[in-house]
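Encoded as structure tokens, the structure appears first; notes follow it.
The chains referred to below are lettered A, B, ... by the order of the sequence lines, with proteins before strands, and numbering in each begins at 1.
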Protein chains: 2
Amino acid sequence: MNSLLKPEEMMDLWNTKLSIPIPSMDIVIFTLYKWHLCVVLDKFEWNAHVLPWNILAGWYSLEDNFDAILERKTGIKWIYKEQLYTFWSPARDKRWHVLSISYYALVGGQDFINGIDFTKVDLIRYDELSKANVLYDHKEIIDYARNRLKSKIIYTTTAKEILKKEFRISELREVYEIVLDKEIDRRNFQKKVLSLNIIQETGNIDKSTNRPAKLYSFIDDKIRTFDDIF
Amino acid sequence: MNSLLKPEEMMDLWNTKLSIPIPSMDIVIFTLYKWHLCVVLDKFEWNAHVLPWNILAGWYSLEDNFDAILERKTGIKWIYKEQLYTFWSPARDKRWHVLSISYYALVGGQDFINGIDFTKVDLIRYDELSKANVLYDHKEIIDYARNRLKSKIIYTTTAKEILKKEFRISELREVYEIVLDKEIDRRNFQKKVLSLNIIQETGNIDKSTNRPAKLYSFIDDKIRTFDDIF
DNA sequence: GCAAAAGTGTTTGGTCTACACCCATGA
DNA sequence: TCATGGGTGTAGACCAAACACTTTTGC
């Protein structure tokens, strides 16, 4: 993932000889942590944050570029991700003249949290982002991703990435409640989700609460679409 | 809209010294012509076609870049457009190593057809595209745009760009029938579209058919969203 | 009068919402 | 036996699909 010229040399070349923006990638990683939707952000200088990013490595696909950034920040090698949008305006970033191809993903699990190097990266609650000092247009990119996440989870099995292999329907519902930021009727949710043919009983029972609960798993290995859940 | 280096010089620079793809823009322009969904494609050499495109002019916004390509091909100065996707893979285009930021739009009207220079550009029916020789991955980009168009027209007033200021509800319905490629019940469509608060009677009557019809116009000047029409 | 297309209404069935009740277990 | 959360059912509101009849004009 190296380029033939050093980054500073590239910048120099661009700014002096070219009128073309440098393609880079910004990634928005959402997770559910302590019952809140959070974003992974790079610490930047003293108290500022930016999205994890890199200059696009042109010998690799966009997905490989995403994976490289993700792995560097979190240790996770692969995750379902989706292209978000390509942001550019001549005024976007006066220092570097950078075009941003953005991707986003929803990730969960203990391995993910353990893999994060919290000296370099922070987990910021989405609902507390306005208090943070997020640089450039990265706050807008995060909001854009947040909206996309909301609309996608309604008709895709995005929630798969947050849950363990086997889960209770109530756990699935909680993912939806946090991502959509609203309460969902327990009984109606259950009826609907079972009618969609996306999850199946595993036969196992989770006895960790007073009344044990049936465990379910997603039928498909891959993220797939279905008729709107709401 | 010029760059400091000539295109050939840029290409050379990229291929020899840089590992970074050149940002370019491909645009997918849909229109309804003789009752069919069509795409505007550049003639390329003898019998091949490509999407209208250009190397990204970095002093201008993405939308300005789109407008410049559109105007060159069709004489139209402004139209509602939407970013589609950014395509890139190292193998995408071996000659030029080009990253494609794609936009799409739905355009209509006689001015549009009159503005097209048909010596440079062809109008190709979407349902006959498989017979055409469309180069690179541009066929996939068109398909991607076609799907986006289908899903967007269901909850946005995209059809506005195809119709005259005042139109019959039956004309609006025909736009939906062609874009969605299915028959729609006349009566149910009328009820639904009137309940959405997106169009209003203008008070004028169109007497061009046997039985005259009320004319309607969109309430909003801008393209807006509404609850799904289907 | 007849064809063509507009305008309006009804019936039906399914789906979403808001609920209530009972059940299995741990403490 | 009580608290906690799981499992299941039902009535009413609402919405969408299928469909029929009447109206207004040109020829």
* To do: Look only at the side chain of B:Glu177 and the backbone of B:Ile184, and say whether a donor-acceptor pair between them is shorter than 3.5 Å.
  => yes

* To do: Specify the residue among B:Leu215 and A:Lys207 whose closest nucleotide of DNA chain C lies further upstream toward the 5′ end.
  => B:Leu215

* Flag if over 12 foreign heavy atoms under 6.0 Å of CD, B:Glu183 -> no

* Separation of D:dG9 P from A:Gln190 CD (nearest whole Å) -> 11 Å

* Structure fact -> Outer limits of DNA chain C sitting under 4.0 Å from a non-hydrogen atom of chain A, read 5' to 3', are C:dC16 to C:dG26

Quick test: give all pairs of protein nitrogen or oxygen and nucleotides 10-12 of chain D nitrogen or oxygen below 3.5 Å, distance rounded to 0.1 Å.
unit_1	atom_1	unit_2	atom_2	d
D:dT10	O4	A:Lys191	NZ	2.8

* Asked: Can B:Tyr104 and B:Asp26 be counted as having a side-chain donor-acceptor contact under 3.5 angstrom?
  -> no

* **Separation of atom CZ in A:Phe189 from atom C1' in D:dG9, rounded to whole Å** => 19 Å

* With sequence neighbours left out, which residue pairs that include part of residues 34-47 of chain A fulfil the side chain to side chain donor-acceptor pair (under 3.5 Å) condition? -> A:His36-A:Arg125, A:Asp42-A:Lys73, A:Lys43-A:Asp122

* Residue closer to the 5' end of DNA chain C, B:Arg168 versus A:Asp185 (nearest nucleotide) -> B:Arg168

* Want to settle it: does B:Arg211 or A:Arg186 sit nearer the 5' end of DNA chain D, counting the closest nucleotide to each? -> A:Arg186

* **A:Asn114, CG atom: more than 12 neighbouring heavy atoms under 6.0 Å** => yes

* Asked: Would you say the side-chain atoms of B:Ser100 pair up with the backbone N or O of B:Met25, donor to acceptor, closer than 3.5 Å?
  -> no

* When you measure from the side chain of A:Asn210, which nucleotide among D:dA16, D:dT25, D:dA3 comes out closest? -> D:dA3

* Asked: Which word best sums up how the rings of A:Tyr144 and A:Phe87 line up, parallel for under 30°, tilted for 30 to 60°, or perpendicular for over 60°?
  -> perpendicular

* Asked: Rounded to the Å, how far apart are B:Lys214 NZ and D:dT24 P?
  -> 12 Å

* Using a strict cut-off of less than 4.0 Å between a Lys/Arg side-chain nitrogen and an Asp/Glu carboxylate oxygen, indicate whether A:Asp67 and A:Lys81 qualify as a salt bridge. => yes

* Asked: In terms of side-chain heavy atoms, does A:Thr156 have a donor or acceptor partner in A:Thr158 at a distance below 3.5 Å?
  -> yes

* How close or far is atom C1' of D:dA18 from atom CZ of B:Arg187, stated in whole angstroms? -> 8 Å

